[in-house]
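Below is one structure; the comments refer to it alone.
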Amino acid sequence: MKTITILVPCYNEENSLDLFFERLHGVLANLGEYKTEVLLVNDGSKDNTLAKMQELHAKDPSVSYLSLSRNFGKENAMLAGLDYAEGDAVILMDVDLQDPPELIPEMIKEWENGYDDVYARRRSRMGETWFKKTSAHYYYRLLQKFADIDIPADVGDFRLLDRQAVNALCSLREKQRYTKGLFSWIGYNKKELLFDRNPRATGNSKMSFIKLFGLAVDGITSFSVAPLRLASVLGLLISSVAFVYLLFVVGKTLLFGDPVAGYPSMVSIILFMGGIQLIVLGIIGEYVGRIFYESKGRPDYLVSEYNGIKIVGARNIRYEYKDHDKPL
Ligand code: UDP
Ligand code: MG
């Protein structure tokens with residue numbers, strides 16, 4: 001019997017969990033030929049999410065939970081879940097019912113057809129602000145232009161991954177994780193399904209503007225050095241213009257002498273150049289910052305508890321090769 005893990009990262013979601021299970025149970029009831037494991041990851045919630053998870057686990061042993069030692073962010077919470085997932089396939093979804101559980105049977109069908117990564121593309125997004133929709137739209141297009149790999153637009157983390165893809169993702173231990181890009185990076189057979197993204201069932205988005213902005217920068221810097229190249233191009237362009245201007249100034253001085261003037265143009269040039277230099281420094285800084293984080297080699301997350309057991313030692317830090325890794 002094949003096992004399917006449903007992996008759900010949760011941050012301050014005490015009110016979402018019940019609604020989520022209500023919908024999910026209806027779907028899982030019709031998946032008789034599979035063993036299912038629901039793996040809830042508590043990403044350092046400050047409300048009663050952990051207590052709620054413990055209660056759900058006590059009631060139903062097919063519900064597992066993993067509690068991180070603090071809030072590590074959704075990307076790391078997903079990695080933790082992938083490390084601990086037992087399934088032959090893992091389905092990643094949000095707890096707020098923005099990803100409809102009703103799509104699960106269709107995903108499993110495509111997986112049985114031989115696809116390793118069945119991802120869901122949003123046909124529409126409901127209940128999200130105009131700003132979020134437009135910025136997401138342009139960001140994905142920008143990323144596609146820049147990134148070395150093809151990252152599909154309007155695709156989130158909602159997907160089914162075969163064990164092969166899961167282990168591949170677990171082997172990528174980079175610190176500034178941009179999972180959406182990693183899904184593309186690992187390759188394997190991909191299949192797209194369409195769905196309508198619903199408004200959040202309850203509560204507010206846990207992804208603040210600052211978190212999303214950081215994630216957006218991570219997306220570009222982890223898959224592309226295009227901004228660095230842009231800096232060189234900008235430098236080249238400005239020096240060429242400056243050279244032409246130099247010829248003009250020298251010519252003018254030779255022909256007409258040099259009445260001391262040009263304060264406004266000088267100030268404009270100094271300010272303009274200063275601005276450009278700061279921007280370019282900032283771009284370099286983004287990459288240096290990433291080297292800084294990688295070089296420290298800290299783990300991506302720490303686990304405090306797994307199904308009521310305190311986790312110490314190696315499993316806390318490194319993912320473990322499971323039986324699935326045995327040669328075929
Ligand atoms: N989440 C998380 N850690 C965080 C932020 C969010 O595990 O630091 C979870 C959250 O509980 C939810 C999912 O990630 O299950 C998506 O978050 P949210 O719905 O707030 O983001 P949005 O859908 O607005 O992008
Ligand atoms: Mg959401």
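Along the sequence shown, residues carry numbers from 1. Counting convention: from 1, in listed order, for ligands and their atoms alike. Quick note: numbers below take in every heavy atom, side chains included, and nothing from hydrogens, waters or symmetry partners.
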#### Entry: Modelled atom types, side-chain donor and acceptor of Thr179 and Glu75, under 3.5 Å
yes
### Message
Using only atom types and a distance under 3.5 Å, with no angle test, would you say the side chain of Arg141 pairs donor to acceptor with the backbone of His137?
### Response
yes
### Message
Between Asp94 (side chain only) and Asp96 (backbone N and O only), is there a donor and an acceptor less than 3.5 Å apart?
### Response
no
### Query
So which bit of Val95 gets within less than 4.0 Å of ligand 1, heavy atoms only: side chain, backbone, both or neither?
both
### Query
Does Tyr119 have its ring centroid less than 6.0 Å away from the ring centroid of Phe183?
no
## Note on the structure
A student checking ligand 1 against Glu13 at a 4.0 Å heavy-atom cut-off should list atoms 10 (C), 11 (O), 12 (C), 15 (O)
### Message
Checking side-chain hydrogen bond (donor to acceptor under 3.5 Å, both in side chains) between Ser67 and each of Thr49, Asp43, Asn42, Asn307, which is the one that passes?
### Response
Asn42
### Task
Would you mind listing which atoms of ligand 1 come within a distance below 4.0 Å of any non-hydrogen atom of Lys211?
4 (C), 5 (C), 8 (O)
### Task
Below 4.0 angstrom from a heavy atom of Asn71, which ligand 1 atoms are there? Numbered from 1 as shown, please.
3 (N), 4 (C), 8 (O)
### Query
Is ligand 1 under 4.0 Å from a heavy atom in the side chain of Asp96, in the backbone, in both, or in neither?
side chain
### Message
Please list the nearest protein heavy atom to atom 18 (P) of ligand 1 with its residue and the distance rounded to 0.1 Å.
### Response
Arg200 NH2, 3.5 Å
## Note on the structure
So CG of Leu194 and CG of Asp196: to nearest 0.5 Å the spacing works out to 8.5 Å
### Query
How far is atom 21 (O) of ligand 1 from its nearest protein heavy atom, and which residue and atom name does that atom have?
Met207 CG, 3.1 Å
#### Entry: Asp116 (side chain) donor-acceptor with Asn189 (main chain) under 3.5 angstrom
yes
### Query
Are any non-hydrogen side-chain atoms of Lys190 and Pro152 less than 4.5 angstrom apart?
no
### Task
Do me a favour and list the nearest non-hydrogen protein atom to atom 16 (C) of ligand 1 with residue, atom name and distance?
Asp94 OD2, 3.3 Å
### Message
Within the 4.0 Å heavy-atom shell around Cys10, which atoms of ligand 1 are there?
### Response
7 (O), 11 (O)
### Task
For ligand 1, note which part of Arg197 has a heavy atom under 4.0 Å away: side chain, backbone, both or neither.
side chain
#### Entry: Contacts of the Mg ion (ligand 2) with protein N/O/S atoms, counting only those under 2.8 Å
Asp96 OD2, Gln98 OE1
### Query
Hey, does the side chain of Glu174 reach the backbone of Glu294 with a donor-acceptor pair shorter than 3.5 angstrom?
no
### Query
Using a distance-only test with no angle check, is there a side-chain donor-acceptor pair under 3.5 angstrom linking Glu305 and Tyr65?
yes
#### Entry: Distance from atom 6 (C) of ligand 1 to nearest protein heavy atom, with residue and atom
Lys206 CB, 3.7 Å
### Geometric class of the Tyr301/Phe72 ring pair [parallel <30°, tilted 30-60°, perpendicular >60°]
perpendicular
### Query
Under the 3.5 angstrom rule, does the side chain of Glu13 hit a backbone N or O of Val95 as a donor-acceptor pair?
no
### Task
Say whether, by atom type as modelled, one donor and one acceptor occur between the side chain of Glu14 and the main chain of Asn48 under 3.5 angstrom.
yes
### Task
Distance to 0.1 Å, residue and atom name: give those for the protein heavy atom nearest to atom 24 (O) of ligand 1.
Ser205 OG, 2.6 Å
### Task
Counting heavy atoms only, name the option from Lys132, Gln98, Met93 that's nearest to atom 25 (O) of ligand 1.
Lys132
### Query
Which ligand 1 atoms does Pro9 reach within 4.0 Å, using its non-hydrogen atoms?
7 (O), 9 (C), 10 (C), 11 (O), 12 (C), 15 (O)
### Message
Tell me the protein heavy atom at minimum distance from atom 14 (O) of ligand 1, and give that distance in Å.
### Response
Lys74 CD, 3.2 Å
### Task
Number the atoms of ligand 1 from 1 as they appear, then name those within less than 4.0 Å of a heavy atom of Asp43, with their elements.
2 (C), 3 (N), 4 (C), 7 (O), 8 (O)
### For atom 1 (N) of ligand 1, closest protein heavy-atom neighbour
Tyr11 CB, 3.8 Å
### Message
If hydrophobic clusters are built from ILVMFWY residues whose side chains come within less than 4.5 Å, do Val27 and Leu40 share one?
### Response
yes
